[in-house]
Amino acid sequence: MAYQSKKPLSEERLPVVAAILPCYKSKKFILDVISEFGPEVHKIFCVDDKCPEQTGLFVEESCKDLRVKVIYSAVNQGVGGATIAGMEAAVEAGADILIKVDSDGQMDPRLIPTLISPIIIGDADFCKGNRFFDLQNVRSMPKIRLFGNAILSFMTKLSSGYWNIFDPTNGFLAIHRSIFIRLNTEKLSKRYFFESDLLFRIGLLRARVIDMPMVAVYGDEESNLKISQVIGEFFFKHVKNTFRRIIYNYFVRDFSAGTLFLILSFFLFLFGAITGIRYISHSWLTGEAATAGQVMISTLPLFISFQLGISFLTYDIENTPKFAKWPALSRQDEFKKVSSETEIV
């Protein structure tokens, strides 16, 4: 049931918003990024992930923003580990919405009101950036990023069940506190697979995810993520998460029409493949051509298996979470206005 506040809007508490900035080799950009945060952000956690440039110490010495708190990692955990540490600190500090912003200046903090508004009004549990919405802006992106993200996006759709999202490696994201505290952060990937693994795990919670159109800013910063180096690792992790999601959602948690489609498709494929191999082997050994009946016996199950596989895929796409699981944090008019003026995918 949708949340309905009994308090007047003037008395209703606005949610506490915390921004988390994993810091690694970002000393050159960090102060400019912090300066862009507006009053909608109440707390800022800079997580020095054992940065060789001592970005955390630099922030403490140079930044006068009272909202900023620096957290130091004893060892380099990776972007995921640093983000988790910052989010855990934000939850302990009473934050209602947790935002991850990369510290290299590629994300515009001025978009935060738009990013968090769907969570505040109860339209989403998790909101993330999508750099591919505006085709005009896509032209400015490096071609290797376009190709790599297209592949990673499809694999993420399979492993997470969120067929409505794109740009899975985008680190500009906001999450409802109620979702985060239900995650087993010990199992979350601590490095570059973090964003994709996070989508998989919140998918198990049936949280609603939406994309927010954004423009990425590419300057002279150097990305630590090399898609050519991680795509193999990402592939195997996505395959693992895909099987885990299907088993959990279609066999453990529920037994639905999608489950039947999947089971029948698997066994028909197995029957058709084994029968086909048997007839082909017999023909090769004896020199006798397979009969029309033998061809039909082996190919018809394969064809039906393919159709049932498509049916399962269609069912899975329709099963994408469409409603926010956790209650709205506020019904303030200004956030409704922000949401209505921004097209959300």
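Numbering of residues begins at 1 and proceeds along the displayed sequence.
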> Looking at side-chain heavy atoms only, is the closest gap between M212 and L111 below 4.5 Å?
yes
> Can R110 and E36 be counted as an ion pair, charged N to O under 4.0 angstrom?
yes
> If you draw the axis of the six-membered ring of F58, does the NZ or CZ of K27 fall within 45° of it and under 6.0 Å from the ring centre?
yes
> Check whether the side chains of D254 and N249 place a donor and an acceptor atom closer than 3.5 Å, and report yes or no.
no
> Could you check whether F193 and H238 have their ring centres less than 6.0 Å apart?
yes
> Are any side-chain N or O atoms of S26 and backbone N or O atoms of F29, one a donor and one an acceptor, separated by less than 3.5 Å?
no
> Using modelled atom types only, decide if a donor and an acceptor are shared between the side chain of H42 and the backbone of V16 within a distance under 3.5 Å.
no
> Hey, any chance I317 and I246 share a hydrophobic cluster, counting ILVMFWY side chains that come within less than 4.5 Å of each other, even indirectly?
no
> Scan side-chain atoms only and decide if N164 and R208 contain a donor-acceptor pair under the 3.5 Å cut-off.
no
> Are any non-hydrogen side-chain atoms of P15 and I120 less than 4.5 angstrom apart?
yes
> Less than 4.5 Å apart, side chain to side chain, heavy atoms only: is that true for C46 and V68?
yes
> For I210 and D123: C-alpha separation, side-chain torsions, deciding distance, then whether side chain to side chain contact (heavy atoms under 4.5 Å, CB included) applies.
CA-CA 9 Å; I210 62 173; D123 285 344; 5.7 Å; no
> Rounded to the nearest 0.5 Å, what separates atom OG in S153 from atom CG in L158?
11.5 Å
> Can you see which heavy atom on C63 is nearest to which on L31, and at what distance?
CB-CD2, 3.9 Å
> Taking only residues two or more places apart in sequence or in another chain, which ones pass side-chain contact (heavy atoms from CB on, under 4.5 Å) with D167?
K128, N130, R131, F132, N149, T169, N170
> Strictly below 4.0 Å, N to O, side chains only: are R245 and D316 in salt-bridge contact?
yes
> Atom CZ in F261, atom CD1 in I310: separation rounded to 0.5 Å?
12.0 Å
> Rounded at 0.5 Å granularity, tell me how far CG in L199 sits from OG in S159.
8.0 Å
> With side chain to side chain contact (heavy atoms under 4.5 Å, CB included) as the criterion, how do S103 and T55 come out once you've worked through the C-alpha distance, each side chain's angles and the decisive distance to 0.1 Å?
CA-CA 10 Å; S103 56; T55 301; over 6 Å; no
> Taking the side chain as everything from C-beta on, heavy atoms only, tell me whether Y315 gets closer than 4.5 Å to L260.
no
> Shared ILVMFWY cluster between M87 and F200, side chains joined below 4.5 angstrom?
no
> Would a hydrophobic clustering, with Ile, Leu, Val, Met, Phe, Trp and Tyr connected at side-chain separations under 4.5 Å, put L205 with L173?
yes
> Take I97 and I175, measure what side chain to side chain contact (heavy atoms under 4.5 Å, CB included) needs, and give me the verdict at the end.
CA-CA 6 Å; I97 298 178; I175 183 171; over 6 Å; no
> Do side-chain atoms of R67 reach the backbone of F45 as a donor and acceptor pair under 3.5 angstrom?
no
> Could you check if a side-chain atom of E288 sits within less than 4.5 angstrom of a side-chain atom of H282, using non-hydrogen atoms only?
yes
> I179 vs F126, test: side chain to side chain contact (heavy atoms under 4.5 Å, CB included). Steps then yes/no.
CA-CA 8 Å; I179 294 293; F126 183 97; 5.8 Å; no
> Sequence neighbours excluded, which residues qualify as side-chain contact (heavy atoms from CB on, under 4.5 Å) partners of E60?
L57, V70, Y72
> Sort out for me which residue in Y250, F266, F306, F269 forms a ring-ring contact (aromatic ring centres under 6.0 Å, His included) with F312.
Y250
> When clusters are formed by joining ILVMFWY residues with side-chain heavy atoms under 4.5 Å apart, either directly or through shared neighbours, do I304 and I263 land in the same one?
yes
> Under a 4.5 Å side-chain heavy-atom rule over Ile, Leu, Val, Met, Phe, Trp and Tyr, are Y192 and I151 clustered together?
yes
